[in-house]
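Everything below concerns the one structure shown next.
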Amino acid sequence: MRFHQILTLVIVTQAFLVGVLFYKHLNNTLKVIFGLVCLAVITEFSSQIIIYILKGTTIWISHFYVMIEFFLWALFYWFLMKSYIKKKLFWTVALLFEFYCILNTIFIQNLNEYPITRAVESIFIVILSIITFHRIMIEGKIEKLTTEPVVWINTAVLLYFSSSVFFHLLFNLSLNINIEFLKLSGYFFIAANTLLYLLFSVSFYLQKLKSVKK
């Protein structure tokens with residue numbers, strides 16, 4: 001097993017354990033994030049079993065992972081912005097993306113090709129992250145941003161998805177043309193992924209502190 005694979009397993013596991021430890025303090029919004037962590041744990045460990053025990057490939061998992069991941073992120077941002085955005089419009093866009101993922105898997109891309117839907121998902125989520133920061137700044141209800149779990153999560157989201165969009169977009173092209181570029185962009189992706197789950201853990205801890213103070 002390579003170092004980056006071990007690192008990924010360790011980083012998602014620590015986020016899962018922190019989430020379990022502070023689960024009783026999490027509100028519905030943070031429970032969605034914990035759901036994303038659980039999804040990552042299941043996916044990463046299953047992938048390693050498929051690769052090293054079953055001797056199979058795992059790119060096909062991404063086609064289904066992106067659909068579940070996007071739904072959970074949509075649910076997270078809906079909890080944050082349901083008083084700020086029209087419900088029908090929000091969920092129509094979310095369902096259209098899910099439909100696009102299904103069409104892409106059946107008619108456009110082979111299951112052994114890295115799904116372009118991951119790049120499209122990244123763009124959507126970056127937009128939601130920016131809108132959330134705009135709402136936070138406009139409302140001005142948060143007295144200290146550094147103690148607010150949602151701010152940490154949204155920061156992690158913006159950094160992760162904005163830095164990984166080109167990795168997702170160029171993966172198949174790089175696989176056929178420039179392996180070295182793929183490796184380099186992969187290192188950036190791994191670093192961003194590590195930061196994402198570390199900040200998830202920070203947000204779980206901060207939510208615990210908020211819960212205790214009430």
Side-chain angles (χ1 to χ4, degrees), residues 11-12 14-15 18-19 22-40 66-98 100 117-169 185 188-214:
I11 206 67
V12 298
Q14 67 79 29
V18 173
F22 299 133
Y23 185 80
K24 67 179 182 180
H25 301 287
L26 305 184
N27 55 23
N28 289 336
T29 306
L30 271 295
K31 285 178 181 177
V32 175
I33 298 301
F34 181 70
L36 281 160
V37 172
C38 292
L39 176 65
V66 66
M67 288 186 268
I68 303 172
E69 181 187 48
F70 181 79
F71 173 77
L72 290 174
W73 277 120
L75 188 60
F76 169 76
Y77 280 107
W78 173 248
F79 279 135
L80 293 181
M81 300 190 295
K82 57 186 176 182
S83 61
Y84 186 73
I85 196 169
K86 292 183 179 179
K87 180 179 181 179
K88 187 175 182 179
L89 174 63
F90 183 90
W91 287 109
T92 297
V93 173
L95 290 175
L96 283 174
F97 175 78
E98 298 287 358
Y100 165 61
T117 50
R118 292 222 69 185
V120 179
E121 176 203 27
S122 297
I123 294 169
F124 274 138
I125 295 177
V126 165
I127 292 171
L128 290 173
S129 175
I130 292 171
I131 292 174
T132 298
F133 272 131
H134 174 73
R135 180 187 65 82
I136 290 172
M137 294 299 107
I138 292 297
E139 292 182 347
K141 293 181 179 179
I142 302 175
E143 294 182 4
K144 195 173 182 180
L145 295 176
T146 55
T147 62
E148 179 56 47
V150 167
V151 172
W152 285 85
I153 293 171
N154 209 47
T155 300
V157 167
L158 187 58
L159 291 173
Y160 172 77
F161 284 101
S162 61
S163 62
S164 62
V165 62
F166 290 106
F167 172 80
H168 297 317
L169 191 62
S185 59
F188 281 106
F189 175 75
I190 292 165
N193 189 63
T194 300
L195 180 62
L196 178 72
Y197 287 98
L198 284 175
L199 292 185
F200 281 174
S201 297
V202 171
S203 71
F204 293 154
Y205 176 69
L206 290 175
Q207 183 61 34
K208 180 256 184 184
L209 294 181
K210 284 185 64 176
S211 177
V212 170
K213 288 180 180 178
K214 290 182 179 179

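Quantities reported herein were computed from a predicted structural model and do not represent experimental measurements.
Evaluation of the side-chain hydrogen bond (donor to acceptor under 3.5 Å, both in side chains) rule for Tyr160 yields no partner, not counting sequence neighbours. Applying the side-chain contact (heavy atoms from CB on, under 4.5 Å) criterion to Ile127, with sequence neighbours excluded, gives Ile123, Ile131. Residues satisfying the side-chain contact (heavy atoms from CB on, under 4.5 Å) criterion with Leu145, sequence neighbours excluded, are Ile136, Met137, Ile142, Val151. Every residue two or more places apart in sequence or in another chain that forms a side-chain hydrogen bond (donor to acceptor under 3.5 Å, both in side chains) with Glu148 is listed here: Lys210. By the side-chain hydrogen bond (donor to acceptor under 3.5 Å, both in side chains) test, Glu139 is found to be paired with Arg135, residues two or more places apart in sequence or in another chain being considered.
With a 4.5 Å cut-off on side-chain heavy atoms, Ile125 and Val157 count as touching. Side-chain contact between Val165 and Val126 is absent, with no heavy-atom pair separated by less than 4.5 Å. Within the 4.5 Å cutoff, no side-chain heavy atoms of Phe76 are placed close to those of Leu36. Side chains of Trp152 and Tyr205 form no contact here, defined as non-hydrogen atoms less than 4.5 Å apart.
Smallest separation of non-hydrogen atoms from Ala74 and Phe90: O-CZ, 3.2 Å. The minimum heavy-atom distance linking Phe97 with Thr117 is given by the pair CZ-O, 3.6 Å.
For the atom pair Phe34 CZ and Leu72 CG, the distance stands at 12.5 Å (nearest 0.5 Å). Atom NZ of Lys31 is separated from atom SG of Cys38 by 12.5 Å, given to the nearest 0.5 angstrom. Separating the CD atom in Gln207 from the CD1 atom in Ile33 is a distance of 11.5 Å, to the nearest 0.5 Å. Separation of atoms CZ (Phe161) and CG (Leu128) is listed at 10.0 Å; rounding is to 0.5 Å. Separating the CZ atom in Phe70 from the OG atom in Ser122 is a distance of 10.5 Å, to the nearest 0.5 Å.
Listed by first and then second residue, the side chain to side chain donor-acceptor pair (under 3.5 Å) pairs that reach into residues 77-97 are Tyr77-Asn154, sequence neighbours excluded. Pairs passing the salt bridge (Lys or Arg N to Asp or Glu O under 4.0 Å) check and including a residue from residues 191-208, sequence neighbours excluded, do not occur. Each salt bridge (Lys or Arg N to Asp or Glu O under 4.0 Å) pair with one or both residues in residues 152-161, not counting sequence neighbours, would appear here, but there are none.
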Side-chain atoms of residues 190-201: list all donor-acceptor pairs with protein atoms under 3.5 Å, sequence neighbours left out, distances to 0.1 Å.
from   : atom 1 : to     : atom 2 : distance (Å)
Thr194 : OG1    : Ile190 : O      : 2.9
Ser201 : OG     : Gln14  : OE1    : 2.8
Ser201 : OG     : Gln14  : NE2    : 3.2
Ser201 : OG     : Tyr197 : O      : 3.2

Without placing hydrogens or testing angles, list every side-chain donor-acceptor pair under 3.5 Å for residues 22-29, not counting sequence neighbours.
from  : atom 1 : to     : atom 2 : distance (Å)
His25 : ND1    : Ser211 : OG     : 3.2
Asn27 : OD1    : Thr29  : N      : 3.3
Asn27 : OD1    : Leu30  : N      : 2.9

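Enclosure of atom OH in Tyr100 by more than 12 non-hydrogen atoms of other residues, nucleotides or ligands within 6.0 angstrom is indicated.
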